[in-house]
Amino acid sequence: MIPPFFMLTNKKILIGVSGSIAAYKIAVLVRLLVKEGAIVKVIMTPASTAFVTPLTLSTLSKNEVLHSLATDSSWANHVLLGRWADVMLIAPLSCNTLAKMAHGLCDNLLTAVYLSATCKVLVAPAMDEDMWHHATTKENIEKIKSFGNLVLPVHHGELASGLRGEGRMAEPEEMITYLQNYFQQHTTLAGKQIVITAGPTYEPIDPVRFIGNHSSGKMGIALAEECKNRGATVLLIHGPIKQQIPVGMHSISVQTAQQMYDACMKVFENTDIFIMAAAVADYAVAEISETKIKKKEDELILTLHKTPDILKQLGAIKKKEQLLVGFALETDHEKENAIKKLKLKNADYMILNSMRDKGAGFGYDSNKITIFDKAENCFEFALKSKKEVAADIVNTITQKGHV
Ligand code: C5P
């Protein structure tokens, strides 16, 4: 693992400065980042230029500092700036810019870049204590956290008003440590190719009907996002789902088990980690009617045939260095069934969900899992959000250092 003090070398860091007296500290932050080998660009809100000059920050960052959406002759490409950065750090984050972020307002370059940023956004709030404790501020902070932004803690101490209290911006040295830790955590899977399947498959009966299941794809998407956030190249192969595919990953949309099988087989050879989180249909209709089946007899008999077992097939051809992970959704004899599947399909890990656990499985935003490895070690986890469960899974399957 790369030691944290090298973590910022060549990292592209976009600093957004908003209007607060703490803006003067950004000069030190930019200087430290450049010393650490980071490539730094700075954008400013118009109000912030009264606290620290663009000239100071452009000299220190060695890059032009932009503070308006357009000049007389040119337009600042906010979309490209947001895509350029590995991380955007908004520091200081004023109450006003926080409120704009929480509500999607976009009346200056900084907020436009924030809205188009595809990278992680970190913020370092800075405000007087009464503003920090205001109900709107609290609500806005929670709101921007729920959008996936990371909020650095504020400190207690002397404030611009002369009062003492909470609301001081994190010190530049602290922000550097935070960024180093962030990059260390988010590069553990750099260079890895990871494929994750998600959602149900639909097996057609006729042009209007199908056999499907209640899988939402949420668990697979949470896993894909977790792997992407740790620096992996992620391909999501998904059945019919309503969930939005997160930005920054490749995806292939399929309908049937056979199509999912074909898509998986095509990419498996070049995959380091393969996670089968999809709820693949075990049976498909043998003969799909070309026309809508009419209501006639009291009984309609459909002949089903077995679909290819993708996980089992991948287990049969997998190389030693490839990691294969399956899911077992069980209603009874959970542990025995999960271990049986792990062995039968030659997977390295099997993630068990039990339909008997409240709040776990299809459609929920939470899940409760137990992970089994080949040696039948068993790692049990509490009921958590699918995002946290995804982190537990990725931590467990990568802990032996075999990827
Ligand atoms: O045997 P069972 O369907 O319970 O196994 C579940 C695991 O196998 C899951 O990882 C699922 O994605 C995978 N599977 C598969 N192909 C199928 C059925 C299930 O890869 N046809």
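Counting convention: from 1, in listed order, for ligands and their atoms alike.
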(message) My understanding is that we take every heavy atom of each candidate and find the minimum distance to atom 21 (N) of ligand 1. Doing that for Pro308, Ser215, Ala198, Cys264, which one comes out nearest?
(response) Pro308

(request) Heavy-atom distances under 4.0 Å are what count here, so tell me which part of Leu329 touches ligand 1: side chain, backbone, both or neither. (result) neither

(request) Heavy-atom distances under 4.0 Å are what count here, so tell me which part of Ala281 touches ligand 1: side chain, backbone, both or neither. (result) backbone

(request) For atom 12 (O) of ligand 1, grab the closest protein heavy atom and report residue, atom and distance to one decimal in Å. (result) Ala278 O, 2.7 Å

(message) Please confirm whether Ala257 approaches ligand 1 to less than 4.0 Å, judged on its heavy atoms.
(response) no

(request) Quickly, which of Lys387, Lys218, Lys386 forms a side-chain hydrogen bond (donor to acceptor under 3.5 Å, both in side chains) with Asp365? Name it, please. (result) Lys218

(request) Before accepting this row, confirm whether a basic side-chain N of the pair Lys340/Glu330 lies closer than 4.0 Å to the acidic partner's carboxylate O. (result) no

(request) Could you tell me which atoms of ligand 1, counted from 1 in the order shown, lie closer than 4.0 angstrom to a heavy atom of Thr307? (result) 21 (N)

Sequence neighbours excluded and cut-off under 3.5 Å, please list the side-chain donor-acceptor pairs for residues 285-300, or say none.
unit_1 : atom_1 : unit_2 : atom_2 : d
Ser289 : OG     : Thr291 : N      : 3.3
Ser289 : OG     : Thr291 : O      : 2.5
Lys294 : NZ     : Lys292 : O      : 3.4

(message) Only heavy atoms of Gly326, strictly under 4.0 Å: list the atoms of ligand 1 that pass.
(response) 10 (O)

(message) How far is atom 9 (C) of ligand 1 from the closest protein heavy atom, and which atom is that?
(response) Phe327 O, 3.0 Å

(request) Select the closest option to atom 4 (O) of ligand 1 among Lys341, Lys312, Glu330, Lys306, judged by heavy-atom distance. (result) Lys341

(request) State whether Lys343 and Glu376 are salt-bridged, where the test is any N-O pair (Lys NZ or Arg NE/NH1/NH2 against Asp/Glu carboxylate O) under 4.0 Å. (result) yes

(request) Identify the protein heavy atom lying closest to atom 16 (N) of ligand 1, giving its residue, its atom name and the separation to 0.1 Å. (result) Ile310 N, 3.0 Å

(request) Taking Thr307 for its side chain and Ala284 for its backbone only, find out whether a donor-acceptor pair lies under 3.5 Å. (result) no

(request) Could you name the option among Val280, Ile275, Ile351 that has the heavy atom nearest to atom 19 (C) of ligand 1? (result) Val280

(request) For atom 3 (O) of ligand 1, find the nearest protein heavy atom and state the residue, atom name and distance (0.1 Å precision). (result) Asp282 OD1, 3.5 Å

(request) Could you give me the CA-CA distance, side-chain angles and deciding distance for Val123 and Met101, then say whether side chain to side chain contact (heavy atoms under 4.5 Å, CB included) is met? (result) CA-CA 11 Å; Val123 299; Met101 287 172 72; 3.7 Å; yes

(request) With the side chain counted from C-beta on, respond yes when Arg230 and Asn395 share a heavy-atom pair under 4.5 Å apart, and no when they do not. (result) yes

(request) Salt-bridge test for Glu171 and Lys25: reply yes if a basic N is under 4.0 Å from a carboxylate O, no otherwise. (result) yes

(message) I need the nearest protein heavy-atom contact for atom 1 (O) of ligand 1: residue, atom name and distance, please.
(response) Lys345 NZ, 2.9 Å

(request) Check whether any side-chain N or O of Gln322 sits under 3.5 Å from a backbone N or O of Lys318 as a donor-acceptor pair, and report yes or no. (result) no

(request) Check the angle between the aromatic planes of Tyr202 and Phe210 and answer parallel, tilted or perpendicular using the 30° and 60° thresholds. (result) parallel

(request) Could you tell me the residue and atom name of the protein heavy atom closest to atom 20 (O) of ligand 1, and the distance to it rounded to 0.1 Å? (result) Leu311 N, 2.8 Å

(request) Report yes if Ala279 has an N/O atom closer than 3.5 Å to an N/O atom of ligand 1; otherwise report no. (result) no

